[in-house]
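Structure, as structure tokens:
When a ligand or atom number is given, it counts from 1 through the structure's own listing order.
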Amino acid sequence: MTTTTPRSPGATDAAAPGTSAVPAAPPGGYDAVPELVRLLDELTGDEGPFSGAALAALDTREAFPAQACRALDEFGLPRYYVPVEHGGSLDDFSTVMRLLRAVSRVDLTVAAAHGKTYLGAVSTWIAGDPDRAARLGRRIGEGAVVSCALTERHHGSDLLAGEVTAREAEGGAGWHITGEKWLINNITRADLVTVLARTSPAGGPRGFSLFLVDKSRLAPGALTPLPKVPTYGIRGADISGMEFHDALVPSDALIGEAGHGVEIILKALHITRTGCVAMSLGAGDHALDLAARFTTATTDGGTPLAELPHVRRELGAAVAGLLLAEATGLVAVRAVHALTGEMSVVSAVAKAYVPAQVDDLVARLLHTLGPYGLLDADGHGSFAKLERDHRIIGIFDGSSLVNRNALVDQFPRLSRGYRKGRRDEQGLVEATDPGVPLRPFRPQALSLLSGIGASVVAGLPAAVDRVHDLAASEAASDRLASLAGRLRQAADRLHEEMAAVRFAPRAVPGHAFELAERYELCFAAAAALHLWLRRPDRVDEAWLRACLVLVLTELGEPVGDTEREDLDTLADALLTARPGAVPSLIDSLEGTTP
Ligand SMILES: Cc1cc2nc3c(=O)[nH]c(=O)nc-3n(C[C@H](O)[C@H](O)[C@H](O)COP(=O)(O)OP(=O)(O)OC[C@H]3O[C@@H](n4cnc5c(N)ncnc54)[C@H](O)[C@@H]3O)c2cc1C
């Protein structure tokens, strides 16, 4: 016998499960980020739900961090998952990124559990009927949790293989959903779930539709929640599944037009894949902070580890990696507004590159920390936990490989666009200058393929020319000009190789994935270069040189020993930062503490 009463999604902490109302929006001009950072500082105290001890205990028990999520509800974070036009406070995606980064800096399990509501709701924001979207906005404002169920036990990345079906009820009285969705974040705890279902037996790109299923409106016996799945990381999260038994949902559950589900979700993924960057950046901040504290406090024969040349170099490379990830993330999230039609490229780069870069950075630091990284460097096993937790970011919402495949599919346009220097100059300025106000996001401008290519990379040659001009007038160093020149040559060669890739459908050759990785590196370096060029003062170029050193090294280009010394400058910036802070482009570019 089936039941609609959810089986326990696993243990939780002391707070009773359920929803808590989100407070009303504060007046305009309010910056939520410093307020949230302040609150998190308070809640990381001894007895707080974000304390290292509390989070470690929940992780050990695989228990859901309900108290921490409730504190975020009470702060009003869910308002930032709802666009202003649907009654929320979301009018700038970079704000949401900074908010989720702040939470991820403390704990990724909480961030993944709480932020999931945005992923669950986004399809309704971009394609739903306005009344339905406003109602969903109200529900989220009342504390409702929303999940998104695409994956099935035997089908993950390949959305067109899904077997869950939705059959239109007689007389158009709704839809009957049947089948199992599995390995879904928050699906048992959620009040509403966005479900991708096959609506045409033949399937295909127009054979699937999206439904916003309100669990409270289902008949008894219409669904069975499946048990929590034990996971390697984010152990406390509700990762489970749901089986639908001919569940009747009303007609207005359909999101957008019938048959348009795959197109809608692919466009929604352009936004959510970009949003995932926030979690990686927060994990990177946390890893660097722990590494800085550990290497400063631990000595080798009386010398702090942080003063050993090799350790400094590794710390510097890790900071450069995080700055490149941040440059990519910052530009990508601004591109949601400014270069919306290019998000098929930008989101694929962001989701493939940033989590992989942070995984690398964490691995690099783990070598430096040695066994202490895996044991108990801070008394709560935080480093080992974040290493485990972060692994999932590169897997869900499209793995790095899936996103690289999406880039390879667009190689012909990308290489053509680069060769011709085709770019949206105004959009590029807006995406790469944090001082320029962002235009409102227009979902209608999302496109499955970017017609123009990628303005960020196509604008690289002009940016390098500008650096050379600055160097000629002594407003930039020759060293920077030389690094930028090598980057340009590497990007030119890469685009020639990309143009030569040919393959039959679904038979991407292995070396194309390597080219995609090199493309991501060029994008990251171009993003950093554009951001630096937009700065009115451009005084501090050491961070940019260090980023270019790291990119050129990863591209296999020659880099001199003296040039690598810029990495040590970044290590010094990390080691002299106040505890809890790590060098950040947002700090220096916007003058704020994220
Ligand atoms: C903790 C956790 C939370 C999750 N939350 C959700 C959720 O909320 N909602 C949801 O719908 N799903 C969720 N998932 C599922 C997740 O998105 C899938 O696991 C993921 O899409 C991969 O699908 P799969 O496991 O079936 O692997 P497959 O799709 O079978 O892929 C197997 C391997 O092949 C690679 N691969 C696949 N396609 C290609 C390609 N075209 N080119 C190159 N390589 C490729 C993949 O990268 C992977 O390494 C979650 C998974 C986990 C572990």
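Residue contact check: S399 has heavy atoms under 4.0 Å from atoms 46 (C), 47 (O) of ligand 1. Set against the non-hydrogen atoms of N185, the atoms of ligand 1 under 4.0 Å away are 5 (N), 6 (C), 7 (C), 8 (O). The distance from ligand 1 to the heavy atoms of I184 drops below 4.0 Å at these ligand atoms: 6 (C), 7 (C), 8 (O), 9 (N), 10 (C), 11 (O), 12 (N). The contact set between ligand 1 and F513, taken as ligand atoms under 4.0 Å from a residue heavy atom, comprises 42 (N), 43 (C). Of all atoms in ligand 1, listed by their number and element, those nearer than 4.0 Å to a heavy atom of F396 are 3 (C), 17 (O).
Looking only at heavy atoms of the protein, atom 3 (C) of ligand 1 is closest to I239 CD1, 3.7 Å. In this structure, atom 20 (C) of ligand 1 lies nearest to the protein heavy atom I395 O, 4.0 Å. Among protein heavy atoms, the minimum distance from atom 16 (C) of ligand 1 is reached at T151 OG1, 3.8 Å. The closest protein non-hydrogen atom to atom 49 (O) of ligand 1 is L401 CD1, 4.2 Å. Scanning the protein for heavy atoms near atom 14 (N) of ligand 1, the closest one is L183 O, 3.0 Å. Shortest contact from atom 23 (O) of ligand 1 to any protein heavy atom: G156 CA, 3.1 Å.
S147 places a side-chain N or O within donor-acceptor distance of the main-chain N or O of N185, the cut-off being under 3.5 Å. The main-chain N or O of G120 is found under 3.5 Å from a side-chain atom of T194 such that the two form a donor-acceptor pair. The backbone N or O of Y81 lies less than 3.5 Å from a partner atom in the side chain of W125, making a donor-acceptor pair. Remark: side-chain polar atoms of S399 are paired, donor with acceptor, to backbone N or O of V402 under 3.5 angstrom. At least one donor-acceptor pair closer than 3.5 Å links the side chain of R273 to the backbone N or O of D397. A donor-acceptor pair under 3.5 Å links the side-chain atoms of T178 to the main chain of D246, judged by distance alone.
Within the 4.5 Å cutoff, the side chain of V501 has heavy atoms near those of the P509 side chain. Here the side chains of E163 and R198 are not in contact, with every heavy-atom distance at 4.5 Å or above. Between V349 and V457, the closest side-chain pair of non-hydrogen atoms is not below 4.5 Å. Counting heavy atoms from C-beta outward, H390 and M279 have side chains that stay 4.5 Å or more apart. With a 4.5 Å cut-off on side-chain heavy atoms, V146 and D191 do not count as touching.
With a heavy-atom cut-off of 4.0 Å, C148 touches ligand 1 through its backbone alone. The proximity of S157 to ligand 1, defined as any non-hydrogen pair under 4.0 Å, involves the side chain as well as the backbone. With a 4.0 Å heavy-atom cut-off, ligand 1 is reached by the side chain of K116 but not by its N, CA, C or O. Contact annotation: for N405 versus ligand 1, heavy atoms closer than 4.0 Å belong to the side chain alone. The parts of L150 lying near ligand 1 are both backbone and side chain, judged by heavy-atom distances below 4.0 Å.
Within a 4.0 Å radius of atom 51 (C) of ligand 1, the protein contributes one or more non-hydrogen atoms. Using a 4.0 Å threshold on non-hydrogen atoms, atom 47 (O) of ligand 1 counts as touching the protein. Distance check on atom 11 (O) of ligand 1: some protein heavy atom falls below the 4.0 Å cut-off. Distance check on atom 43 (C) of ligand 1: some protein heavy atom falls below the 4.0 Å cut-off. When distances from atom 1 (C) of ligand 1 to the protein are checked, a heavy atom turns up under 4.0 Å. Atom 26 (O) of ligand 1 is approached by the protein to below 4.0 angstrom, counting heavy atoms only.
Checked by atom type, the side-chain pair H114/D73 shows a donor-acceptor distance below 3.5 Å.
The two residues K181 and T151 come nearest to each other via the heavy atoms CD-O, 3.4 Å.
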Exercise for review: Show your reasoning for whether ring-ring contact (aromatic ring centres under 6.0 Å, His included) applies to F523 and Y353.
Suggested key: CA-CA 9 Å; F523 186 108; Y353 176 74; 8.6 Å; no
Exercise for review: Apply ring-ring contact (aromatic ring centres under 6.0 Å, His included) to H495 and Y519, showing your working.
Suggested key: CA-CA 8 Å; H495 282 85; Y519 185 81; 5.7 Å; yes
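At under 3.5 Å, not a single nitrogen or oxygen of H155, backbone or side chain, sits near a nitrogen or oxygen of ligand 1. Where the criterion is an N or O separation shorter than 3.5 Å, residue side chain and backbone included, D158 fails it with respect to ligand 1.
In the candidate list I392, V402, I393, T231, V402 is nearest to atom 36 (N) of ligand 1, counting heavy atoms.
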